[in-house]
Amino acid sequence: MTDESWSRSGSDPADGQPRRRRARRAVKAKKQRPFWQELPILLVIAAVIAALMVTFVGRPYVIPSQSMEPTLHGCAGCTGDRIYVQKLSYYWSDPEPGDVVVFVGPPSWNGHYRSIRSDNTVIRGVQNFFSFFGLVPPDENDLVKRVVAVGGQTVECCDDQGRVMVDGQPLEEPYVEDDYPWMPGQANASYPVGRVFGPVTVPEGNLWVMGDNRNESADSRAHIGDEFQGTVPIDNVRGKAVFKIWPPGRIGPIDGTNPQEN
């Protein structure tokens with residue numbers, strides 16, 4: 001074929017390539033949507049990610065009481081700590097002594113609990129919807145305490161120095177600052193007006209939990225007479241508290257010292 005016939009055919013590759021590039025750019029320009037059309041899609045994606053995070057990874061909680069002072073701050077009418085509670089650790093292992101855990105109170109722990117949901121059906125539905133994404137607390141009696149003993153261990157108080165004992169060994173608990181008075185060599189009062197309790201053998205699959213603020217905590221000691229002897233089933237645990245995320249002055253990790261290893 002001659003150069004003359006090739007030029008008449010209009011099939012010069014050099015001419016076709018720029019046309020194809022222009023055509024591709026035109027297609028892309030037609031497919032690009034304005035931001036307001038993309039925004040709903042982005043919001044749906046963000047909501048799905050948030051729901052998955054809350055369901056499988058972790059969620060924030062608010063500390064409502066002073067039972068974990070000074071580790072976690074909370075009181076009626078004040079700005080309590082916001083903490084992040086992760087779930088991943090307990091997919092492969094059980095809670096250990098020293099872990100600060102959030103759990104749903106067993107039946108005997110729920111006597112004073114009142115629903116935090118509105119009586120208005122519509123508002124309650126909105127609250128439940130936003131709770132699914134971690135924007136509103138769940139409607140359940142979530143509590144936060146520290147694991148002191150686990151299944152099979154025997155816990156009691158006290159040794160001659162007023163310390164909690166697990167399997168006969170006293171615990172060193174640097175996170176406890178407020179406790180009932182202890183008078184060595186004398187008869188000391190029992191909980192709820194003193195330190196003395198137990199011994200209690202923790203059932204397998206359960207936890208013995210206590211607040212760091214020992215004289216202001218209705219923990220396992222307050223429920224020894226229930227079906228679990230005051231212990232909490234591991235199935236009730238929502239996760240491990242690992243970080244304080246609010247207010248700014250208290251942001252930081254949560255001490256998970258194992259008192260049985262000191």
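Between the side chains of Asp179 and Asn215, no donor N or O sits under 3.5 Å from an acceptor N or O. Side chain to side chain, Ser118 and Asn120 fail the donor-acceptor criterion of an N or O pair below 3.5 Å. Counting only N and O atoms by type, the side chains of Gln153 and Gln260 include a donor and acceptor under 3.5 Å apart. Judged purely by distance below 3.5 Å, without hydrogens or angles, the side chains of Asp212 and Thr71 pair a donor atom with an acceptor atom. Side-chain contact, Arg195 with Asn188: no donor N or O sits under 3.5 Å from an acceptor N or O.
A donor-acceptor distance shorter than 3.5 angstrom exists from the side chain of Gln86 to the backbone of Ser89, with no hydrogens or angles considered. Ser220 contributes a side-chain N or O that, together with a main-chain N or O of Gly230, makes up a donor-acceptor pair within less than 3.5 Å. Panel note: side chain Ser131, backbone Gln127; no donor-acceptor pair is recorded below 3.5 Å. Using a distance-only test at 3.5 Å, with no hydrogens or angles considered, no donor-acceptor pair links the side chain of Asn128 to the main chain of Gly125. Asp167 places a side-chain N or O within 3.5 Å of a backbone atom of Thr154 that can act as its donor or acceptor partner. With hydrogens and angles disregarded, a donor-acceptor distance shorter than 3.5 Å links the side chain of Lys87 to the backbone of Val54. Between the side chain of Arg214 and the main chain of Gly211, a donor-acceptor pair closer than 3.5 Å is present.
Between Ile254 and Val242, the closest side-chain pair of non-hydrogen atoms is not below 4.5 Å. Inter-residue side-chain proximity for Arg163 and Cys158 is flagged as unmet; no heavy-atom pair is nearer than 4.5 Å. Side-chain contact between Ser217 and Lys145: present, with at least one pair of heavy atoms (C-beta onward) separated by less than 4.5 Å. Here the side chains of Asn258 and Asp99 are not in contact, with every heavy-atom distance at 4.5 Å or above. Here the side chains of Phe56 and Leu88 are not in contact, with every heavy-atom distance at 4.5 Å or above. Within the 4.5 Å cutoff, the side chain of Ile83 has no heavy atoms near those of the Pro60 side chain. A heavy-atom distance below 4.5 Å is found between the side chains of Arg238 and Glu140. Side-chain atoms of Gln229 and Pro203, non-hydrogen and from C-beta on, do get closer than 4.5 Å to each other.
Taking CG of Asp139 as the start and OG of Ser115 as the end, the distance is 3.5 Å to the nearest 0.5 Å. In this structure, CD1 on Ile123 lies 12.0 Å from CZ on Arg117, to the nearest 0.5 angstrom. Here the straight-line distance linking atom CD1 of Ile63 with atom CD of Glu69 works out to 10.0 Å at 0.5 Å rounding. Here CD1 of Ile251 is found 12.0 Å from CZ of Arg82. Values are rounded to the nearest 0.5 Å. A distance of 8.0 Å separates CZ in Arg59 from CG in Asp142, rounded to the nearest 0.5 Å. Atom OG in Ser108 sits 11.0 Å away from atom CD1 in Ile224 (nearest 0.5 Å).
Considering Thr201, Asn206, Asp226 in turn, Asn206 is the only one that fulfils the side chain to side chain donor-acceptor pair (under 3.5 Å) rule with Thr231.
Annotation for Glu173 and Pro259: closest pair CG-CB, 4.0 Å, computed over non-hydrogen atoms. Closest of all the heavy-atom pairs between Arg146 and Met68 is N-SD, 4.1 Å. Here the shortest heavy-atom pairing between Asp159 and Met165 reads CB-SD, 3.6 Å. For the pair Tyr84 and Ile245, the tightest heavy-atom approach, listed with the atom from each and the gap, is CB-CG2, 4.1 Å. Listed here is the closest heavy atom pair of Val166 and Ala149: CG2-CB, 4.2 Å. The minimum heavy-atom distance linking Gln66 with Glu216 is given by the pair NE2-OE1, 3.6 Å.
A single hydrophobic cluster is seen to contain both Val57 and Tyr91, as judged by linkage of ILVMFWY side chains at heavy-atom distances under 4.5 Å, directly or through other members. At a threshold of 4.5 Å between side-chain heavy atoms, the hydrophobic network of Ile, Leu, Val, Met, Phe, Trp and Tyr places Ile49 and Ile41 in one connected group. Follow the hydrophobic side-chain contacts under 4.5 Å out from Met210 and you never reach Val176; the two are in separate clusters. By the rule that hydrophobic residues join a cluster once side-chain heavy atoms approach within less than 4.5 Å of another member, Val62 and Leu72 end up as members of separate clusters. No continuous path of hydrophobic side-chain contacts links Met183 to Tyr180 [ILVMFWY only; heavy atoms under 4.5 Å].
By the ring-ring contact (aromatic ring centres under 6.0 Å, His included) test, Tyr61 is found to be paired with no residue, residues two or more places apart in sequence or in another chain being considered. Annotation: ring-ring contact (aromatic ring centres under 6.0 Å, His included) contacts of Tyr175 (sequence neighbours excluded): none. Shown here are the ring-ring contact (aromatic ring centres under 6.0 Å, His included) partners of Phe228, two or more places apart in sequence or in another chain: there are none. Take Trp182 and apply the ring-ring contact (aromatic ring centres under 6.0 Å, His included) test, not counting sequence neighbours, and it matches no residue.
Counting heavy atoms of neighbouring residues, nucleotides and ligands inside a 6.0 Å radius, atom OH of Tyr113 exceeds 12 of them.
A salt bridge links Asp81 with Arg250: the distance from a Lys NZ or Arg NE/NH1/NH2 to an Asp or Glu carboxylate oxygen falls below 4.0 Å.
Clustering of Ile, Leu, Val, Met, Phe, Trp and Tyr by side-chain heavy atoms under 4.5 Å joins Val237 with Tyr90, Val101, Phe103, Trp109, Leu143, Val147, Val150, Leu207, Val209, Val232, Ile234.
Counting only residues at least two apart or in different chains, ring-ring contact (aromatic ring centres under 6.0 Å, His included) contacts with residues 187-219 comprise Phe197-Trp208.
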